[in-house]
Q: 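Shown below is the structure under consideration.
Note: hydrogens, waters and symmetry copies are ignored here, and every other heavy atom, side chains too, is used.
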There are 2 protein chains.
Amino acid sequence: MGERYLKSIRLLAECMQGFERLSGQHARACGLTHAQFDIIATLGNTPGMSYKELGERTLITKGTMTGVIERLEQKGLVERTRSSDDKRSWFLRLTKAGERLFDEVFPRVVAGGAAVFAQYDDADFDRLESTLAGLKAVIDAVPQPDNNHR
Amino acid sequence: MGERYLKSIRLLAECMQGFERLSGQHARACGLTHAQFDIIATLGNTPGMSYKELGERTLITKGTMTGVIERLEQKGLVERTRSSDDKRSWFLRLTKAGERLFDEVFPRVVAGGAAVFAQYDDADFDRLESTLAGLKAVIDAVPQPDNNHR
DNA sequence: TATTGTTATACTCTATAACTATA
DNA sequence: TATAGTTATAGAGTATAACAATA
């Protein structure tokens, strides 16, 4: 019966695992853990965001977030200011050093990734993007519990 | 330049994150951590394998593997016997209880997943599978460092 | 000499829940 | 009452490296 998708999930997991192996090298190379790398990558090329939003974009719960951000702050990679419209909330963004790290590391991840896709042409990308976008749409349609205070 | 793939990677990561959120619920529901769940899922429906092979199929390094397996053994979910052909190596497999857990939990993951793909028809699956298989092929083509003794 | 798995260390992440301050 | 983030706790995962037994 409808279990054909198992193969797809396995493939998806294997692809992701492959990328994680690759990006994990970059993370460790610049002294970041997986979670820290995740935060830097999420904050990169954005004006910044709150803990809450960061928690939604990553799989890091709020209790953990405090510690992860603390360590990134100690490394001088992120800075936080109290949000002006909601005084309970922080506004988080990369520092200059954080941006430098992002600008230095991310292109290397990009270059590594680009090598992976060296043989892809526009049609291949069209297909990959639309297929994945479709998959993401059906996943997002499933109601998911709030990750931040289960 | 060739950075079009970034969108694909982001999509891939978001899909995987969605699945991890879903499967994470099942894992916690049966008292397993992500790593433990990973092992059970990897051992399920196989005759068993060595630590080394498990390490290759998951992203768990050998130093960690000892501890993870230890806890699963304490829970009575896996059992190990010395390999007969290589006496340094263990042969690991699910116990009856481990198989029961796998048989009980995995179908629920399957059912949850099936709900995600309710609207997919054969053509959709064809497309998804071949797209992902192609992606996996290019990822696997990249030389990756040995995860087990970096 | 190389490989399989163990042990040890130090740190980080995780789930959970009770808590403070603000909304 | 609800929400944003903090703190505390106990357990688990992580990288790393030195080590034993076997190949």
Q: Does R80(A) place a side-chain N or O at less than 4.0 Å from the phosphate oxygens OP1/OP2 of dT6(D)?
A: yes

Q: Taking the nucleotide of DNA chain C with the closest heavy atom to each, which residue, D85(A) or K75(A), is nearer the 5' end?
A: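 Its nucleotide being nearer the 5' end, the pick is K75(A).
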
Q: When you measure from the side-chain N and O atoms of S50(B) to the phosphate of dT4(C), is any distance below 4.0 Å, counting only OP1 and OP2?
A: no

Q: Are the side chain of T64(B) and the backbone of I60(B) linked by a donor-acceptor contact shorter than 3.5 Å?
A: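 Between the backbone of I60(B) and the side chain of T64(B) there is no qualifying donor-acceptor contact (under 3.5 Å).
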
Q: At less than 4.0 Å, is any side-chain N or O atom of R71(B) found next to OP1 or OP2 of dG13(D)? Yes or no.
A: yes

Q: May I ask you to verify if any side-chain N or O of K87(B) is less than 4.0 angstrom from the OP1 or OP2 atom of dT22(D)?
A: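 Negative; the distance criterion is not met.
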
Q: Pick base, sugar-phosphate or nothing for T66(B), based on heavy-atom distances below 4.0 Å to the nucleic acid.
A: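 It contacts base atoms.
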
Q: Tell me the interatomic distance from L72(B), atom CG, to dG11(D), atom P, rounded to whole angstroms.
A: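 Atom-to-atom, L72(B) to dG11(D), this comes out as 17 Å.
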
Q: Between dT3(D) and Y51(A), is there an OP1 or OP2 to side-chain N/O distance shorter than 4.0 Å?
A: no

Q: Please state whether the phosphate of dG5(C), meaning OP1 or OP2, lies under 4.0 angstrom from any side-chain nitrogen or oxygen of K62(B).
A: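 For K62(B), the contact criterion (side-chain N or O under 4.0 Å from OP1 or OP2 of dG5(C)) is not met.
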
Q: Describe the nucleic acid contact of S83(B) in one word from base, sugar-phosphate, nothing, applying a heavy-atom distance below 4.0 Å.
A: nothing

Q: Please work out if T64(A) contacts a base, only the sugar-phosphate, or nothing of the nucleic acid, heavy-atom cut-off 4.0 Å.
A: base

Q: Closer to the 5' end of DNA chain D via nearest nucleotide, is it G67(A) or D86(A)?
A: D86(A)

Q: With a non-hydrogen cut-off below 4.0 angstrom, is R82(A) in contact with a base, only sugar-phosphate, or nothing?
A: nothing

Q: State which of dT6(C), dG13(D), dA23(D) makes the closest approach to the side chain of R88(B).
A: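 Closest of the options to the side chain of R88(B): dA23(D).
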
Q: Measuring to OP1 and OP2 of dC13(C), would you say a side-chain N or O of T33(A) lies under 4.0 angstrom away?
A: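 Yes, because at least one side-chain N or O of T33(A) sits under 4.0 Å from OP1 or OP2 of dC13(C).
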
Q: Kindly say if T61(B) contacts the phosphate of dA15(D), meaning a side-chain N or O under 4.0 Å from OP1 or OP2.
A: yes

